[in-house]
Chemist: 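Pasting a structure here, questions to come.
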Amino acid sequence: MVYTAALLFGNPGLLDLSEEESVLEMIGKYFLQLTSPGRGTSSARRGSVESCDERDNSPVAQMDAGVEQEQRVLQQAVTRHIELCLTEAKASTLLCQVLLLPHHMTARVGQDVVRSSADEPCGLRGASIKVYVEGKEGLKPVGSFSIDPSVTPTFELSVILRADQSYGWPALKHIFESDKVLKLRPEYRLVKRKLYSSASPVIHDFY
């Protein structure tokens, strides 16, 4: 009714004087009924008025946008940490001069790590993340990290990357020694293990 009244007064040029008086009298009677003892506004009527004030920037929409932004920030942080682990392990652990990665591989791993942590009480901040490369000699640890060191880890995520046994592209073998070039495959594995539970680890393979 508030909206209807606004429409009636929105364009007074369409009403002559007698019509305006009739409208005013009608609205006066309506508000008199609303303010009379024993009369109240129903919840359905109140709801219809409140719904007219809804906007796209509602708290729920803002919350969803904030969650998406936080997920992107976490994914970028995981990606940077994984790339740093691989860079630092090139000479010391992986024993290679050149490390070749599939396009956008670390970004995909970061996204899957964030998703795998979504159902945990502290989310990704409660994760202890370990990175491995699997090759002919088995698993080689290349680094570990946590997004928020102030949070006590509640679960462990192992990121297992796989080395390509061909050790690089043929064109590069003419430039570098074959044992100095390491290429990672697009496939990888995530192993999730709860630290304070007897539950079996959960394994996810990505291709």
Chemist: For residues T87 and L99, determine if any side-chain heavy atom of one lies less than 4.5 Å from a side-chain heavy atom of the other.
Modeler: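 Result no, sub-4.5 Å side-chain heavy-atom pair not found.
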Chemist: Starting from L84, can I reach V142 by hopping between I/L/V/M/F/W/Y residues whose side chains sit under 4.5 Å apart?
Modeler: no
Chemist: Considering all heavy atoms of both residues, which atom of G110 and which atom of V78 are nearest to each other, and what is their separation?
Modeler: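 In terms of heavy atoms, the two residues are closest at CA-CG1, 3.7 Å.
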Chemist: Is there a path of hydrophobic side-chain contacts, each under 4.5 Å between heavy atoms of I/L/V/M/F/W/Y residues, joining L94 to V131?
Modeler: yes
Chemist: To the nearest 0.5 Å, how far apart are CZ in R80 and CD in Q76?
Modeler: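 Spacing of CZ (R80) from CD (Q76) equals 6.0 Å.
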Chemist: Which pairs would a plain distance check flag for residues 198-207, meaning a side-chain donor or acceptor within less than 3.5 Å of a matching protein atom at least two apart in sequence or in another chain?
Modeler:
residue: D205; atom: OD1; partner: R189; partner atom: NE; Å: 2.6
residue: D205; atom: OD1; partner: R189; partner atom: NH2; Å: 3.3
residue: D205; atom: OD2; partner: R189; partner atom: NH2; Å: 3.3

Chemist: Determine the minimum heavy-atom distance between T79 and A107, stating which atoms define it.
Modeler: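 So the minimum-distance heavy-atom pair works out to OG1-CA, 3.6 Å.
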Chemist: Could you measure the distance from the CG atom of L182 to the CG atom of D164? Nearest 0.5 Å is fine.
Modeler: 8.5 Å
Chemist: V109 versus D112: any side-chain heavy-atom pair under 4.5 Å?
Modeler: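 Not in contact.
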Chemist: Going by side chain to side chain contact (heavy atoms under 4.5 Å, CB included), L190 matches just one of I160, I129, V159. Which one?
Modeler: V159
Chemist: Salt bridge check, R162 against E134: does any charged N sit closer than 4.0 Å to a carboxylate O?
Modeler: yes
Chemist: With no hydrogens and no angle check, just 3.5 Å: does a side-chain donor-acceptor pair link R72 and Q75?
Modeler: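 Looking only at side-chain atoms, Q75 and R72 do not form any donor-acceptor pair under 3.5 Å.
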Chemist: Given L86 and K90, is the side chain to side chain contact (heavy atoms under 4.5 Å, CB included) satisfied, shown in steps?
Modeler: CA-CA 6 Å; L86 291 173; K90 275 201 318 180; 5.9 Å; no
Chemist: Over all heavy atoms of both residues, which pair between F155 and A127 is shortest? Give the atoms and the distance, please.
Modeler: CZ-CB, 3.3 Å
Chemist: Quick one: do the S128 and E156 side chains pair a donor with an acceptor below 3.5 Å?
Modeler: no
Chemist: Do the side chains of K180 and L95 get nearer than 4.5 Å, heavy atoms only?
Modeler: no
Chemist: Measure the spacing between CG of L124 and CD of E70 and express it to the nearest 0.5 Å.
Modeler: 9.5 Å
Chemist: Taking all heavy atoms of T93 and all of K140, pick out the closest pair and write down the distance.
Modeler: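 Nearest heavy atoms, T93 then K140: O-NZ, 3.5 Å.
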Chemist: Taking the side chain as everything from C-beta on, heavy atoms only, tell me whether L157 gets closer than 4.5 Å to S117.
Modeler: yes
Chemist: Do you know which two heavy atoms are closest between Y196 and P153, and how far apart they sit?
Modeler: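 Minimum heavy-atom separation between Y196 and P153: CE1-O, 3.3 Å.
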Chemist: Among R125, R193, K192, exactly one meets salt bridge (charged side-chain N to carboxylate O under 4.0 Å, His left out) together with E120. Which residue is that?
Modeler: K192
Chemist: Tell me, do T154 and L195 make a side-chain contact under 4.5 Å, heavy atoms counted?
Modeler: no
Chemist: Write down the atom of Y132, the atom of P141, and the distance for their closest heavy-atom approach.
Modeler: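 Looking at all heavy atoms of both residues, the closest pair is CD2-CA, 3.6 Å.
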Chemist: Quick one: do L161 and F145 end up in the same hydrophobic cluster if we chain Ile, Leu, Val, Met, Phe, Trp and Tyr together by side-chain heavy atoms under 4.5 Å apart?
Modeler: yes
Chemist: Should V151 and V114 be counted in the same cluster of Ile, Leu, Val, Met, Phe, Trp and Tyr side chains packed under 4.5 Å apart?
Modeler: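 No, no single cluster joins them.
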Chemist: Looking at CD1 of I82 and CE of M105, how far apart are the two atoms once the value is rounded to the nearest 0.5 Å?
Modeler: 8.5 Å
